[in-house]
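Take a look at the structure set out below.
Proteins come first, then strands; the chains are lettered A, B, ... in the order of their sequence lines, and each starts at number 1. If you're wondering where the values come from, they're calculated on a predicted model, not measured in any experiment.
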2 protein chains.
Amino acid sequence: MPHELDAYDRILLSALQENARITQGELGERANLSTAAVNRRLRLLAQAGVIERYTAYVNPKAVGYPLTIIVEVKVESERTDLLDEIQHSFRNCPQVQQCYYVAGECDFVLIFLVRDMAQYVELSRRLFLDNKNVKSFKTLVSMNQVKTGGSVPIDEPG
Amino acid sequence: MPHELDAYDRILLSALQENARITQGELGERANLSTAAVNRRLRLLAQAGVIERYTAYVNPKAVGYPLTIIVEVKVESERTDLLDEIQHSFRNCPQVQQCYYVAGECDFVLIFLVRDMAQYVELSRRLFLDNKNVKSFKTLVSMNQVKTGGSVPIDEPG
DNA sequence: CCTGAAATATCTAAAAG
DNA sequence: CTTTTAGATATTTCAGG
């Protein structure tokens, strides 16, 4: 399952994270590979799950979602069925952009994209206040996106 | 700056967030537009900054970055020059995948992708302990990615 | 704003070294 | 791995409604 990456693959992955619409010809120039070799490598990388998907990054502000809200959630019980249930509710909420199950002072960290505060208030009611297994939650409102959608670092292993 | 979106644009954006390698022909079928119209709209959406970029989503685990760490940072002073400096140090760290400047109980929330705990310890030393303006920081280690890379919701405005 | 067709460019696969 | 070939696909431009 590891799919050992070589230096060529790392060049391809770096470039594709920056701009997925670069042509295979240009990728070949950067990596010193023929387009045929690039094509084969891209197929294998996708097949192995190294490249999970290609996506368009849409500016949230441009489509009416200007507010980023980060929430820390503590639960009452970590019983498996209850955790499954709450995770399911988070995953199914379109405004929940990211959700992490963490060890530390809280149990979940969520990142919301919302139209306005009113929408967040409504969502927090539904997801947190109405859920008996939520002990408490803490809301952090983001004013500035210092860095978003950073790439995965691609560097030499070890 | 607004770039009013119509129903066609929303179909295109939804589809492209899911899979940026869908062809313009297929996009046209879904939206009931000719490929020429799709092509023109995509160009305008990119030009207007609605589509910021096209990227390949690389699985962090597959390239040796299996750990996600979330950190809350409190600063001593919010003097502009000091904030600029610390933001600069966060932005320039490849392992910092996201960084938000927030209002609430802390000042910054960072999301790291790291190879292992040792790498995080080293980075936290450099970014937090060595910076006089960092008052405190709290580390949360993610065990489970419940949801990552969620799309921006595309729905009717207002 | 759109469509349809023509002109480019790109991708993919196969064959041979 | 390379190069080359060739055909299928996709993108982009252009004429015209």
Open item on the list: Under a 3.5 Å distance rule, please check whether A/Lys147 uses its side chain to pair with a backbone N or O of B/Val96 as donor and acceptor.
Closed with: yes

Task: Between P of C/dA13 and CZ of A/Arg43, the distance in whole Å - done: 6 Å

Task: Atom pair distance, as rounded to whole Å: CG in A/Leu33 and P in C/dT12 - done: 16 Å

- [ ] Specify the separation, in whole Å, of atom CG of B/Leu42 and atom P of D/dT12.
- [x] 9 Å

- [ ] Provide, to the nearest angstrom, the distance between the OH atom belonging to A/Tyr8 and the P atom belonging to D/dC1.
- [x] 8 Å

- [ ] Mind calculating the distance between CG (A/Asn39) and P (D/dT9) to the nearest angstrom?
- [x] 15 Å

Open item on the list: Just so I know, are the side chains of B/Leu123 and B/Cys93 near enough to count as touching, which here means a heavy-atom distance under 4.5 Å?
Closed with: yes

Open item on the list: Without decimals, in angstroms, what is the distance between A/Gln24 CD and D/dT11 C1'?
Closed with: 15 Å

- [ ] Check whether any side-chain N or O of B/Asp107 sits under 3.5 Å from a backbone N or O of B/Val75 as a donor-acceptor pair, and report yes or no.
- [x] yes

Open item on the list: Rounded to whole Å, how long is the line connecting atom OH of A/Tyr54 with atom P of C/dC11?
Closed with: 10 Å

Open item on the list: Just to be sure I understand the rule, does A/Asn32 reach a base, reach only the sugar-phosphate, or reach nothing, if contact means heavy atoms closer than 4.0 Å?
Closed with: sugar-phosphate

Open item on the list: Rounded to whole Å, please give me the gap between CZ in A/Arg21 and P in C/dA9.
Closed with: 15 Å

- [ ] Hey, which sits more toward the 5' end of DNA chain D by its nearest nucleotide, A/Arg41 or B/Thr23?
- [x] A/Arg41

Open item on the list: Could you check whether any side-chain heavy atom of B/Tyr100 comes within less than 4.5 Å of a side-chain heavy atom of B/Phe108, counting everything from C-beta outward?
Closed with: no

Task: Phosphate contact (D/dT11 OP1 or OP2) by B/Thr35 side-chain N/O below 4.0 Å - done: no

